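Just so it is clear, the model here is predicted, and its values are computed rather than measured. Order of appearance sets the numbers: ligands from 1, and atoms from 1 within every ligand. One-based numbering along the sequence shown.
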Amino acid sequence: MIQLTEAATLDIQDEIAVITINNPPVNALGYPVRKGIADGIDQVVQNDQVKAIVITCKGRTFMAGADIREFGKPPLEPMLYQVLETLDECPKMTLSAIHGTAFGGGLETALSCHFRIAVPTAQFGLPEVKLGILPGAGGTQRLPRVIGIDKALKMITSGNPIGATEALQDGLIDEIVEGDLKEAGIQFAKKVLAENRPLIRVSQNDEKIAAAKGNNEIFDHFRKSIARKTRGFQAPENCIKAVEASINLPFKEGLKRERELFTELLKGHQSAAQRYVFFAERQASKIPDFPKDIPLLDIKKVGIIGGGTMGGGIAMNFVNAGYLVTIIETKQEFLNRGLGVIKKNYEITASKGKMSTEDVDKRMSLITGSLNLKDLADVDLVIEAVFENMDLKKEIFSKLDGICKEGAIMATNTSFLNVNEIASVTNRPEYVLGLHFFSPANVMRLLEIVRGAKTDKSVLATSLSVAKKIKKVAVVVGVCYGFVGNRMIAQRGRETGLLLLEGATVDQIDRVIFNFGFPMGPFVLSDLVGLNVGWDDKSSSGSTIREVLCEAGRFGQKNGLGYYKYEQGSRTPIPDPDSLKLIADFSAKKGYEQREIGDDEIIKRAIYALINEGAKILEEGIAVRPSDIDIIWINGYGWPAYLGGPMFYGDLIGLDKVLETIKQFHAKFGDVWKPANLLEKLVAEGKGFKDLT
Ligand code: 3HC
Ligand code: NAI
């Protein structure tokens, strides 16, 4: 066996050469891997004895892509596209034997071989678009030649992978194999040689794209079909342009076009933001000073108290991951309603063909309903999701303390309340923490894990591990009113409310926030959620805009009147002079002089309020690092990933500029705009939030 580089070996057995990549954790195609493949091919080409090359990987996966950490650094030759050109032109038979995830540059490597075989669990994808780039080593030119334009467009612009069965059906792989993969690769190569099969160079095979030549409608149609989902992102459009090149240009010209489009994206700030988000997401689960070998508690059975909006969604997460769930309610009627909503949600999924009816039954069979808290005696984890009321939560936790078995984790889904106060009513505060899901809980990826003053490390580590199992992006936060996300959004809410009083219009603010990249503006969102959620007509005193609107019978979309008006059966918000008048009258009553407000001021007041509060949160140690705040905003509040999150955005604008504006607002609007000490410190030191990570 020859050690080609620190990450690649060459093993020649008779007429078959095996190049094995070993670059943990995911065999990313960093310099030693690229150089290893290039040198291996070089040696094999010169060796007359060898007739075929098998490329395979050690560890948990085939190559999962280029090494993202190398992006933005000076390039080290050979570049991947150069290595793959050599592989493509290799005169000997080439084969990739795939397990794990053949992603990005990994799949591009496989596509540059004559043949591909894989184990049944292998996955194939070009996820570059999620990093704000496109497959830059021939993926946009080769994949359409293997699986056709439609499917390639879908895979490249979504970044979503497909499994081995689908890959086989699509012709992306030649065979699914069981048993020892390297041996299967050698046997496959021998078979091809024995049968004298023609070697298939993907680059030279236009069969699958021939029909699309000259048919630009395919692309126009596709652009329209993804426009809503990809609004604001630059990478999907460049992906489409690159795939267009695969049919409009000869292969080598297409590669050049792909490179241009790739480089354009790589230089832009969107890709920098999205790559930052990739690492930030992984970083979020790492808690400083936490030993790696911390013992985890065994979680199999989960209890959920309250089967309402949140309880039902939370239950679905656990059921989807195979946990047994018991839901506790106060009345049979409420329990039936809660279980009914869950079942209906699954049935809707099934009606879309995304789940079988047997699956619906199977999942529902994992849920037990009960009206007796004592039925939680043997669960490993309890999540309380009853009304947002401290006394009620304390009463429940005090009862749980007497019911739950030793070692059970007791969590609250509270949005704002003090987790330490809740924990204090138990004799085991070290087992208490917040698990703050976001609505709709079965859809939103974010989970804020609220670490109480006494929460045990193993309880926290177990919660992080459970979060991964239920496919949530977990961020550990400290105790304060609203934790990280809700505490920050309250600042934005204050500013957008004030902007209304000062003369901006409802639809102007919504348009500006939407155009910034959020899925919707704050007032469309309020109308959607319902203005009367938590509003009480008896105690309402016309002291906020929301109270004024509710008192005028404007509850939001549900009754066709809120900040906007809605035509019957329609969700389209229509600006309504009546609501604007109510707001203007309220503003006058409060003594505001309405003025013309520019879009730029709206952005600055809505977004810099987040940055300033984020800095205060960091200062207080409520969030571990700036990137954690960004992950919360991207996964819980719809912040556009291509702007990296509020803290990344602050750095992008320049903290000195942000601080200058905040100081102006402070002078004009008062102490709510007092600059965070951390912000002043960073600016004084010429640093950004990135220097804290
Ligand atoms: N480059 C560098 N590091 C990478 C990496 C990559 N492509 N992919 C993963 N890693 C690192 C992660 O940062 C993490 O590091 P850490 O342990 O220090 O936090 C470690 O590998 C393990 O990653 P995960 O925690 O994500 O492990 P999972 O088992 O959950 O997932 C995976 C594995 C599915 C491979 C997932 O890591 C993944 O999706 N990786 C990115 C794949 C990708 O985007 N590939 C395209 C790269 S760009 C490209 O190829 C350009 C080309 O076209 C020229
Ligand atoms: P909800 O009103 O929809 O549901 C609460 C449920 O708890 C009701 O079905 C009620 O019957 C039940 N309940 C009340 N007392 C109970 C008791 N003693 N035992 C068992 N069940 C009881 O409320 P929602 O929206 O689900 O909120 C629940 C918690 O989640 C609150 O603390 C809220 O702040 C928090 N939360 C809510 C979010 C949202 O967007 N709705 C988001 C994140 C957290």
Side-chain angles (χ1 to χ4, degrees), residues 23-30 34 60-71 79-81 84 100-109 123 125-140 156 159 161 258-259 262 266 271 274-275 278-286 303-314 327-331 333-335 337-338 341 370-373 383-390 392-393 395-396 399 412-417 422 434-441 444 446-448 468 482-483 485-486 529-530 533-534 636:
N23 187 29
V26 297
N27 290 315
L29 279 141
R34 299 195 301 273
R60 67 204 231 209
T61 178
F62 193 73
M63 292 161 266
D67 189 335
I68 306 167
R69 290 174 211 272
E70 282 185 0
F71 291 155
M79 305 294 286
L80 184 57
Y81 71 92
L84 299 191
T101 44
F103 280 0
L107 182 56
E108 291 175 303
T109 304
Q123 289 196 300
L126 292 173
E128 285 87 344
V129 73
K130 296 185 181 176
L131 300 169
I133 51 173
L134 54 79
T140 64
I156 295 171
E258 178 193 80
R259 263 262 31 90
F262 174 86
L266 192 64
S271 152
Q274 287 176 257
R275 280 180 279 133
F278 176 85
F279 289 114
E281 199 171 303
R282 280 148 185 86
Q283 183 87 340
S285 59
K286 296 181 179 111
I304 292 166
I305 311 174
T309 310
M310 293 307 289
I314 295 169
I327 299 181
I328 306 289
E329 261 293 350
T330 47
K331 285 190 180 164
E333 178 195 342
F334 299 154
L335 190 56
R337 186 189 56 195
V341 172
S370 162
L371 302 179
N372 189 350
L373 212 56
I383 301 173
E384 164 279 307
V386 304
F387 307 130
E388 186 75 342
N389 176 310
M390 182 55 100
L392 177 60
K393 291 195 194 268
E395 184 194 321
I396 287 178
K399 283 185 186 158
T412 170
N413 183 48
T414 177
S415 309
F416 293 95
L417 301 176
I422 296 173
L435 290 180
H436 182 212
F437 290 80
F438 286 70
S439 181
M444 298 299 284
L446 179 64
L447 176 66
E448 280 185 335
K468 199 161 183 188
F483 317 117
N486 283 345
V529 174
V533 174

Just heavy atoms, cut-off under 4.0 Å: does L29 contact ligand 1 by side chain, backbone, both, or neither? neither
Does D67 approach ligand 1 within less than 4.0 angstrom via side chain, backbone, both or neither, non-hydrogen atoms only? both
For ligand 2, find each of its N or O atoms that sits under 3.5 Å from a protein N or O atom, and tabulate the pairs with distances to one decimal place.
{"from": "ligand 2", "atom 1": "3 (O)", "to": "T309", "atom 2": "N", "distance (Å)": "2.9"}
{"from": "ligand 2", "atom 1": "3 (O)", "to": "T309", "atom 2": "OG1", "distance (Å)": "2.9"}
{"from": "ligand 2", "atom 1": "9 (O)", "to": "E329", "atom 2": "OE2", "distance (Å)": "2.5"}
{"from": "ligand 2", "atom 1": "11 (O)", "to": "E329", "atom 2": "OE1", "distance (Å)": "2.8"}
{"from": "ligand 2", "atom 1": "11 (O)", "to": "E329", "atom 2": "OE2", "distance (Å)": "3.3"}
{"from": "ligand 2", "atom 1": "26 (O)", "to": "T309", "atom 2": "N", "distance (Å)": "3.4"}
{"from": "ligand 2", "atom 1": "26 (O)", "to": "M310", "atom 2": "N", "distance (Å)": "2.7"}
{"from": "ligand 2", "atom 1": "30 (O)", "to": "N413", "atom 2": "ND2", "distance (Å)": "3.0"}
{"from": "ligand 2", "atom 1": "32 (O)", "to": "V386", "atom 2": "O", "distance (Å)": "3.2"}
{"from": "ligand 2", "atom 1": "32 (O)", "to": "E388", "atom 2": "OE1", "distance (Å)": "2.5"}
{"from": "ligand 2", "atom 1": "32 (O)", "to": "K393", "atom 2": "NZ", "distance (Å)": "2.7"}
{"from": "ligand 2", "atom 1": "34 (O)", "to": "E388", "atom 2": "OE1", "distance (Å)": "2.8"}
{"from": "ligand 2", "atom 1": "34 (O)", "to": "S415", "atom 2": "OG", "distance (Å)": "2.6"}
{"from": "ligand 2", "atom 1": "36 (N)", "to": "S415", "atom 2": "OG", "distance (Å)": "3.1"}

What residue and atom, counting heavy atoms only, is the protein's closest point to [atom], and at what distance?
atom                    : result
atom 20 (C) of ligand 1 : P25 CG, 3.5 Å
atom 29 (O) of ligand 1 : R60 NH2, 2.6 Å
atom 30 (O) of ligand 1 : K468 NZ, 3.9 Å
atom 34 (C) of ligand 1 : F103 CE2, 3.8 Å
atom 19 (O) of ligand 1 : K286 NZ, 2.5 Å
atom 1 (N) of ligand 1  : I68 N, 2.9 Å
atom 4 (C) of ligand 1  : V26 CG2, 4.0 Å

Regarding [atom]: of the candidates [options], which has the closest heavy atom?
atom                    : options                : value
atom 12 (C) of ligand 1 : Q123, R282, E258, R259 : R282
atom 53 (O) of ligand 1 : E128, R69, Q283        : E128
atom 49 (C) of ligand 1 : P135, G125, A64, A66   : A66
atom 52 (C) of ligand 1 : E108, E281, E70        : E108

Within the structure, is a non-hydrogen atom of Y81 found at a distance of less than 4.0 Å from ligand 1? no
4.0 Å heavy-atom contact, G139 with ligand 1: no
Is it the case that E384 and T412 place a side-chain donor and acceptor less than 3.5 Å from each other? yes
Passing candidate, side-chain contact (heavy atoms from CB on, under 4.5 Å) with I314, options I327, L435, N413: N413
What's the separation between atom OG1 in T109 and atom CZ in R34, rounded to the nearest 0.5 Å? 10.5 Å
CD1 of I328 to CD1 of I396: how many Å apart, nearest 0.5 Å? 10.0 Å
